Amino acid sequence: MDINTLLAKDFNLRPWQVENTVSLIDEGNTIPFIARYRKEATGSLDDQLLRELSDRLNYLRNLDAQKEKVIATVTELGQMTEELMSDIENAQTLTELEDIYRPYKPKRKTRASVAKAKGLQGLADIIYEQAPVSKSLEEFAEDYLNDEVPDTESALQGARDIIAELVSDDPTGRKMLRYSVKKNANLTSTGIKDDLGVYEMYKEYSEPVKSVVPHRVLAVNRGEKEGFLKVGIEYDSAIGIQIISSLHIKGNSELSECVREAVEDAYSRLIFPSVEREIRSALTEKADVSAIKVFADNTRQLLMQPPVKNKVTLGLDPGYRTGCKVAVISATGDVLDTAVIYPVPPHNRIDEAKKIIKALVKKHNVEMFSIGNGTASHETEVFAAEVIKELDCGITYMVVSEAGASVYSASKLAAQEFPEYDVSLRSAVSIARRLQDPLAELVKIDPKAIGVGQYQHDMPQSQLESALDGVVEDCVNSVGVDINTASVQLLNRVAGVSSAVAGNIVKYRQENGAFKSRNDIKKVSKLGPKAFEQCAGFLRIPESDNVLDNTAVHPESYDAAKKLLKLCGVSDNDLRTGSVSAIDSYIKTVGISALAQKLEIGEPTLIDISKEIVKPGRDPRDELPAPMLRTDVMGIEDLKAGMELKGTVRNVIDFGAFVDIGVHQDGLVHISQITNRYIKHPSEVLKVGDIVTVWVLNVDVAKKRIGLTMKKPKE
């Protein structure tokens, strides 16, 4: 099997793109490095596609390795044939290979193996051959009676057991049946408890296997796991038996009838249960892949939310009995002050709380509030809105997700970062920083705890973790990291930087002061040439005398960048002051292709260099719409059908999207209410963080449910 050819076909790529990409991966290059700095080699493949290609490459190599094991085993058994070798080599999936290997696979004790041990293989061969004979079935059976086979019925039953296993092991029959089941069967569930709760809609559920949507597969799986549902594959057994029979039954003789009995036994006892498990496993795997993709996409959008930079922020971690924890954070993320207030029940010390907050605002020139969305959030938001109104100094606020904040605040990491603060105050710090720079703060938290997916606890955890880690890595590297301020956790997400090296970077800063240039990075313990190559372009050094050190231009391209600046007549000082209009003008005059040849670099690299030196230290998140900050508050009871509101998309799932409209309870925009055109998935239109206009469809205050639409109502 030519893996590169298969990859090119699977991803619709040119052979040279695949060959170069596979070589780069095998050389130990990281995905972010390949995506950013080897565009000429890959044809500018993005990080997401590169990860998918890498995963598929690993699957195909594993398939090849399994083929070698199968070939070795079958050859050792002395049963290899040219036809079998061809079948093995042409197998496209692990399932197909397993079907081929099944007859030769060592088996535990089975009914067939017991019958063979009793000497009934010969009888089974005669019956299965179904050749014209002069003797009756019983007469044949009588020839095989012995101490362990006392009568003809025992002999015939043993022969049927052997034939049933032979039929079950036939890869052609399984392949044909699997195809038919996928095409014609239904996934079904029935309730097995009186009170099904959230699974009520699956009490009598049936949907074609070929079209069942992923989130319903995951729903019935969970209902089955929790003991509420009985789930299975509904399929016409007559069709299945006919498919298998067509491969093994010859004519209508007495021997053929015996084979038919064996086929029916094989189908009901061995083949269909196995195929049913395979189909359900395939449905679950497909649903898992879909859910992981949704989770990964949502996480990507959440991490890439625009930061609210250079603003002193007051973080509020709401609470009832234990009070509301307060932390004031400087524009650069340092903790300036902390407090605990009790503005909500059962304490209701509102005047005292207002006095404390107003004093903190005036003392530190606070510019915005960040409020956690957990327990007592709505009451705290009402309180904060009143304080803002009374201060009347232009302060705005935003309610942010505090998912994972409690996990972080109680972690060893938080204790190391803030040893002087207790757990609750650390949460307030995290909530404030989530508004200032979501990426830098959320990177400290297990991505699974961020809360922007569905059924995340049902996913294969290793696959989910791998996918989310890839997303975090891609986000961190696309933004870039200030090496002189970044935490160990942020540095650990930089391409080529291990946890040990990240710790050594921070240790170097503590012992030697700030890094002065990218060349200083080479002095970090255990950071060798390969690691430097991978990480250098993603690490920023604003303090460096070399302006390029504060850009995504890789050191390997510095000579080309300096030549470009010289050709354009732009000095380092021009770069620092932003006087770089000559660069765009020069490129337009000369042309990208001609200039790339002149500089002896590829066109994609030239384009990237020009973007960076025009705006050193640029943050791609700044190009996105800013988060929606509020000054006043509404409650769910204030909502009325038809009301028009602005909201922020908080989560995108298979059947719709949840939108924060400022009433503490997110509203659901069902997929049918997102747009007037047909869409297969909400992510085709929406992403986490989008600011959208919605209209209220319905409100259930008691159940705290809000139905929204993005389709403007007719006047």
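Only heavy atoms go into these numbers, but all of them, side chains included; no hydrogens, no water, no symmetry mates. Keep in mind it's a predicted model, so treat the numbers as computed, not measured.
With salt bridges taken as basic N to acidic carboxylate O contacts below 4.0 Å, one links Lys293 and Asp297. Between Lys67 and Glu89, none of the side-chain N atoms (NZ, or NE/NH1/NH2) sits under 4.0 Å from a carboxylate O, so this pair counts as no salt bridge. Using a cutoff of 4.0 Å between basic side-chain nitrogens and carboxylate oxygens, Arg160 and Glu153 are scored as salt-bridged. The residues Arg222 and Asp458 are annotated as salt-bridged, a charged nitrogen and a carboxylate oxygen being separated by less than 4.0 angstrom. A salt bridge links Lys105 with Glu98: the closest approach of a Lys/Arg side-chain nitrogen to an acidic carboxylate oxygen falls below 4.0 angstrom. For Asp26 and Arg61, the salt-bridge test passes: some basic side-chain N is under 4.0 Å from an acidic carboxylate O. Ion pair Asp446/Lys448 flagged as a salt bridge, since at least one NZ, NE, NH1 or NH2 atom sits closer than 4.0 Å to an Asp/Glu carboxylate oxygen. One finds a salt bridge joining Asp161 and Arg111 here, because a Lys/Arg side-chain nitrogen approaches an Asp/Glu carboxylate oxygen to under 4.0 Å. Taking 4.0 Å as the cut-off between side-chain N and carboxylate O, Asp143 and Lys135 count as a salt-bridged pair. We find that Arg178 and Glu278 are joined by a salt bridge, their nearest charged nitrogen and carboxylate oxygen being less than 4.0 Å apart. With respect to the salt-bridge test (charged N to carboxylate O, under 4.0 angstrom), the residues Lys175 and Asp99 do not qualify.
Ring geometry for His248 versus Tyr128: interplanar angle of 30 to 60°, hence tilted. Using the six-membered ring where Trp is involved, Tyr199 and Tyr202 have ring planes that are tilted, between 30° and 60° apart.
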May I have the step-by-step check of side chain to side chain donor-acceptor pair (under 3.5 Å) for Ser253 and Gln130, ending in yes or no?
CA-CA 7 Å; Ser253 67; Gln130 303 166 69; 5.5 Å; no
Could you walk me through whether Lys530 and Asn29 pass the side chain to side chain donor-acceptor pair (under 3.5 Å) test, one step at a time?
CA-CA 8 Å; Lys530 186 67 176 182; Asn29 294 290; 3.1 Å; yes
Verdict with supporting geometry, Ser180 and Asn184, side chain to side chain donor-acceptor pair (under 3.5 Å):
CA-CA 6 Å; Ser180 179; Asn184 302 302; 3.3 Å; yes
Derivation of the side chain to side chain donor-acceptor pair (under 3.5 Å) call for Ser168 and Arg102
CA-CA 9 Å; Ser168 174; Arg102 188 181 301 274; 5.6 Å; no
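For Glu200, the CD atom counts as densely surrounded, since its 6.0 Å shell holds more than 12 non-hydrogen atoms of other residues, nucleotides or ligands. Annotation: Glu285, atom CD; neighbour count of heavy atoms from other residues, nucleotides and ligands within 6.0 Å does not exceed 12. In the displayed structure, Lys9 atom NZ is contacted under 6.0 Å by at most 12 heavy atoms of other residues, nucleotides or ligands.
Scanning all heavy atoms of the two residues, the minimum distance from Ala296 to Leu468 falls at CA-CD2, 3.9 Å. What you find for Ala91 and Leu63 is that their closest heavy atoms are O-CD2, 3.8 Å. Tyr235 and Ile243 make their closest contact through OH-CD1, 3.7 Å (heavy atoms, listed as atom of the first residue, atom of the second, distance).
Judged by distance alone, the side chains of Ser136 and Glu254 never bring a donor and an acceptor atom under 3.5 Å apart. A donor-acceptor contact closer than 3.5 angstrom links the side chains of Asn221 and Arg280. Side-chain contact annotation: Asn20 with Thr42, donor-acceptor N/O pair under 3.5 Å absent. Donor-acceptor pairing under 3.5 Å is lacking for the side chains of Ser466 and Asp469.
Considering Arg51, Arg300, Arg493 as possible partners of Glu473, the one that fulfils the salt bridge (charged side-chain N to carboxylate O under 4.0 Å, His left out) test is Arg51.
Pairs passing the ring pair (Phe, Tyr, Trp, His ring centres under 6.0 Å) check and including a residue from residues 141-184, sequence neighbours excluded, do not occur.
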